[in-house]
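Report on the structure given below.
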Amino acid sequence: MSGTKLKSVLSSFSQVPGELKPLPSDRRSLDDSCVRLHTTENPFPMPEVVMQSAIAALEQQYLYPEHDNIGLREAAADAYDLTKDQVIAGNGSSELLGLIYRAFLAPGDSVAMLSPGFSFNRKLAMLQGAQILEFGCGQSDVLPVEELLSGPAEGAKFILLANPNNPTGTFVSVADIERLAAQSDRLIVLDEAYVDFAPDNGLRLIDHYPNILLLRTFSKSYAAAGIRIGFGFGHPEIIGRLRNIQNVFNMNVIGHAVGVSILAHRDAYEENHRHIKQERERVSVALSQLGFSVTPSHANFLLARVPAGQDGRWWQKALKRRKVLVAAFPESFLKKHIRVSIGTREQMDILLSEASEILGRPKQ
Ligand SMILES: *Cc1c(COP(=O)(O)O)cnc(C)c1O
């Protein structure tokens, strides 16, 4: 009986969310002893001074957080040499991605996205009744500017570029992005989630190109994925449209305090960024010696084609049995690849020795 009622309730809704695959129910079944290298987190402790700001913020638990994230936006504007009207703060940059899709797309519209890209975008487009037009740059560091200008981007409402890209770790030059921004009259959403591990960034384009909307997050390079702090930087008109449709109190008092404190102590993270870049090179060489083919990366992860004979999913399972978690992409053309985040030296040594054992070699 209740089954029939449920059916009739569900059938009265728009079909789109129903087309999404149900979420797996076992997400949290992973115990703490696993080495987590599947979600591009940065497993480093907060600097003491940042931790103290979080603890102090707990005393404001009975207050609503500051309106429109004003203090955090001002602090970010100061730190990145922008005005506060050029800044929006999000509960992670994925909240801001969601706002962008809702603000700028109607059913039937399309978005051009670098492929392979961050899969969350596909879900956002589907919810909006929009289409993703993927354009290939694959695992190369060259942005196909001309192809974009005359091809998919022509009809698209915006162009989505993650730079460095996820899951490849590749990085296109800021000069290429600038060329695209200069020649296109489309909005370019430049998702710089991993840019602190890269040689350059697009911040200097903001004041020159009103069609650039830059996204940053503190989840990766500032090791704060659990606190949820993201930013959008762009023209005040574009930023204003996003702020206008944002939930009130989208962030909480701890996110505000930690965000402001991280902005004031960015130098405390330099050692961490150095470590990740060095470890990225060391693990890249070691994986190559084991027969993996590693895409040169400018992020805090490596995309590696697995040795001949198996696919990425097989390796993901084999490593999981040994309590090492990595990402695989069974439904894409990256079937033969795994993505491995760069964590502590100890975590990376565990990955390398388990991979050697799987290959039947003595532990390193
Ligand atoms: C992780 C990630 C994000 C979003 O991170 P948040 O934790 O929501 O700030 C956005 N874009 C890319 C490409 C990412 O990999």
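As the structure lists them, so they are numbered: ligands from 1, and atoms in each ligand from 1.
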Measure the distance from [atom] to every protein heavy atom, then report the residue, atom name and distance (to 0.1 Å) of the closest one.
| atom | value |
| --- | --- |
| atom 12 (C) of ligand 1 | Asp191 OD2, 3.4 Å |
| atom 14 (C) of ligand 1 | Lys220 NZ, 3.1 Å |
| atom 7 (O) of ligand 1 | Ser219 OG, 2.6 Å |

- Query: Closer than 4.0 angstrom: is that true for some heavy atom of Arg228 and an atom of ligand 1?
  - Reply: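 Under 4.0 Å: yes for Arg228.
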- Does ligand 1 have an atom under 4.0 Å from some heavy atom of Tyr194?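 Judged by the 4.0 Å heavy-atom criterion, Tyr194 does count as contacting ligand 1.
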- Message: One thing to verify: whether Arg282 and Asp349 come together as a salt bridge, which I'm taking to mean a side-chain N less than 4.0 angstrom from a carboxylate O.
- Response: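 Counted as a salt bridge, because a side-chain N and a carboxylate O are separated by less than 4.0 Å.
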- Charged N to carboxylate O under 4.0 angstrom, Glu146 versus Arg179?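 Counted as a salt bridge, because a side-chain N and a carboxylate O are separated by less than 4.0 Å.
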- Query: Where's the contact between Ser94 and ligand 1, heavy-atom distance under 4.0 Å: side chain, backbone, both or neither?
  - Reply: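 Contact part for Ser94 vs ligand 1: both backbone and side chain.
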- Message: Below 4.0 Å, non-hydrogen atoms only: which portion of Ser93 touches ligand 1? Side chain, backbone, both or neither.
- Response: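 Both the backbone and the side chain of Ser93 come within reach of ligand 1.
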- Query: Quick one: are Val324 and Ile350 in side-chain contact, heavy atoms under 4.5 Å?
  - Reply: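 With C-beta onward as the side chain, the pair touches.
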- Evaluate the salt bridge (charged side-chain N to carboxylate O under 4.0 Å, His left out) criterion for residues Glu134 and Arg122: first the C-alpha distance (whole Å), next the side-chain angles of each, then the deciding distance (0.1 Å), finally the verdict. CA-CA 10 Å; Glu134 304 202 16; Arg122 234 166 262 126; 3.1 Å; yes
- Task: Please assess Glu357 against Arg322 for the test salt bridge (charged side-chain N to carboxylate O under 4.0 Å, His left out), listing each intermediate value before the final yes or no.
- Result: CA-CA 10 Å; Glu357 278 217 334; Arg322 293 160 179 265; 2.9 Å; yes
- Is the NZ or CZ atom of Arg274 both under 6.0 Å from the centre of the six-membered ring of Phe44 and within 45° of that ring's axis?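 Relative to the ring axis of Phe44, which defines the angle, Arg274 lies outside at least one limit.
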